Participant: 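Questions regarding the structure given below will be posed in turn.
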Amino acid sequence: MKAFPYTIIDLTHTLSETTPSWSGGCGFNHEIALDYSDCQDDVKFRVQKLKMHAGIGTHIDAPAHAIPGSTTVDDLKLENLISPCVCIDVSKDIIADSLISPDAVLLFEKEHGKIEPGSFVIIYTGWDKFWNEPDQYRNDHQFPSISEEIAVLLLERGITGLGIDTLSPDTSSSGFPVHKHLLGAGKYIIENI
């Protein structure tokens with residue numbers, strides 16, 4: 001059998017009742033609706049019930065999230081969800097209201113070469129250090145975000161998608177330009193990495 005040629009890294013967070021959410025309320029509930037001891041038949045079952053907002057925890061925003069009538073998650077091409085990954089670490093000296101500029105991408109490319117078409121790009125801000133402190137992670141929607149110019153630059157590079165370790169690449173006061181550009185171009189965004 002041929003060895004699997006890639007390294008797989010799980011970047012997801014475990015969901016719980018304290019998982020940070022956009023609204024700040026409890027966005028995830030898990031309960032056992034039927035347990036083994038409740039069953040009278042020979043075969044015992046456990047039935048679990050989940051209740052959550054779609055945009056909680058580590059999740060994907062498909063184009064239809066912000067672009068009416070466009071691609072939903074189930075319509076995304078699988079080959080675009082499995083792609084080489086580039087991680088741009090901007091965590092040094094990052095603060096809550098940092099707006100990451102194209103200089104971060106250009107500096108990365110100066111050191112590592114131009115981002116190849118078909119790459120998935122992760123912007124690592126270090127904000128994930130607050131994941132277990134939901135109020136600080138949410139921070140009244142003040143967290144490091146990405147400039148509109150980066151979205152345009154990354155689209156010029158032909159990326160498949162963008163990931164970030166915050167609630168969103170956009171803050172609520174920005175008008176959501178990164179969502180508009182990337183999702184409008186048929187790309188996807190992964191939040192809360």
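None of these values were measured; they are calculated from a predicted model.
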Participant: Hey, quick one: are I123 and F130 part of the same hydrophobic cluster, counting side-chain heavy atoms closer than 4.5 Å, chains of contacts allowed?
Facilitator: no
Participant: When rounded to the nearest 0.5 angstrom, what is the spacing between NE2 in H59 and CG in L167?
Facilitator: 8.5 Å
Participant: If you look at every heavy atom in S147 and P102, which pair is closest and at what distance?
Facilitator: OG-CD, 3.6 Å
Participant: Taking all heavy atoms of P177 and all of D170, pick out the closest pair and write down the distance.
Facilitator: CD-OD1, 3.2 Å
Participant: For the residue pair S70 and I67, what are the closest heavy atoms and their distance?
Facilitator: OG-O, 2.5 Å
Participant: So, for I60 and L81, which heavy atoms are closest and what is the spacing to 0.1 Å?
Facilitator: CD1-CD2, 3.8 Å
Participant: Does D74 have more than 12 heavy atoms from other residues, nucleotides or ligands lying within 6.0 Å of its CG?
Facilitator: yes
Participant: So how far is it from S173 OG to D140 CG, rounded to the nearest 0.5 Å?
Facilitator: 11.0 Å
Participant: Is there side-chain contact between T125 and S98, with heavy atoms separated by less than 4.5 Å?
Facilitator: no
Participant: Which heavy atom of Y137 sits nearest to which heavy atom of P20, and what is that distance?
Facilitator: CD2-CB, 3.4 Å
Participant: Hey, is the main chain of L76 close enough, under 3.5 Å, to the side chain of T71 for a donor-acceptor pair?
Facilitator: no
Participant: Determine whether I100 and V121 fall in the same hydrophobic cluster, where Ile, Leu, Val, Met, Phe, Trp and Tyr are linked whenever their side-chain heavy atoms lie under 4.5 Å apart.
Facilitator: yes
Participant: Minimum heavy-atom separation for P144 to I164, with atom names?
Facilitator: O-CD1, 4.2 Å
Participant: So D35 and S37, side-chain hydrogen bond (donor to acceptor under 3.5 Å, both in side chains) or not? Walk me through it.
Facilitator: CA-CA 6 Å; D35 210 353; S37 61; 5.1 Å; no
Participant: Indicate, with yes or no, if I88 and V152 share a hydrophobic cluster defined by side-chain heavy-atom contacts under 4.5 Å among Ile, Leu, Val, Met, Phe, Trp and Tyr.
Facilitator: no
Participant: Going from NE2 on H65 to OG1 on T72, what distance comes out if it is rounded to the nearest 0.5 angstrom?
Facilitator: 13.5 Å
Participant: Measure the spacing between CG of L182 and OG1 of T160 and express it to the nearest 0.5 Å.
Facilitator: 10.5 Å
Participant: CD1 of I146 to OG of S174: how many Å apart, nearest 0.5 Å?
Facilitator: 10.5 Å
Participant: Side-chain contact, heavy-atom cut-off 4.5 Å: I150 with V178?
Facilitator: no
Participant: Taking it one step at a time, do I32 and V47 satisfy side chain to side chain contact (heavy atoms under 4.5 Å, CB included)?
Facilitator: CA-CA 6 Å; I32 296 175; V47 178; over 6 Å; no
Participant: Report the C-alpha distance between I115 and L154 in whole Å, list the side-chain angles of each, state the deciding distance to 0.1 Å, and finish with yes or no for side chain to side chain contact (heavy atoms under 4.5 Å, CB included).
Facilitator: CA-CA 8 Å; I115 295 170; L154 292 176; 3.9 Å; yes
Participant: Verify the cluster assignment for I122 and V90: are they in a single hydrophobic cluster under the rule of side-chain heavy atoms below 4.5 Å apart?
Facilitator: no
Participant: Rounded at 0.5 Å granularity, tell me how far OG in S168 sits from CG in D61.
Facilitator: 7.5 Å
Participant: Taking C-beta and beyond as the side chain, do W127 and Q136 meet within less than 4.5 Å on heavy atoms?
Facilitator: yes
Participant: Report yes if the side chains of H179 and I189 come closer than 4.5 Å at any heavy-atom pair, otherwise no.
Facilitator: yes
Participant: Measuring only between side-chain heavy atoms, which start at C-beta, is W131 closer than 4.5 Å to D165?
Facilitator: no
Participant: What's the verdict on side chain to side chain contact (heavy atoms under 4.5 Å, CB included) for F120 and I190, showing C-alpha distance, side-chain angles and the deciding distance?
Facilitator: CA-CA 10 Å; F120 179 77; I190 297 185; 4.0 Å; yes
Participant: Before you tell me yes or no, could you show the steps for V86 and I159 under side chain to side chain contact (heavy atoms under 4.5 Å, CB included), namely the whole-Å CA-CA distance, both residues' side-chain angles and the distance that decides it to 0.1 Å?
Facilitator: CA-CA 10 Å; V86 170; I159 67 166; over 6 Å; no
Participant: Are L153 and L155 connected in the hydrophobic side-chain network, where two residues link if heavy atoms are under 4.5 Å apart?
Facilitator: yes
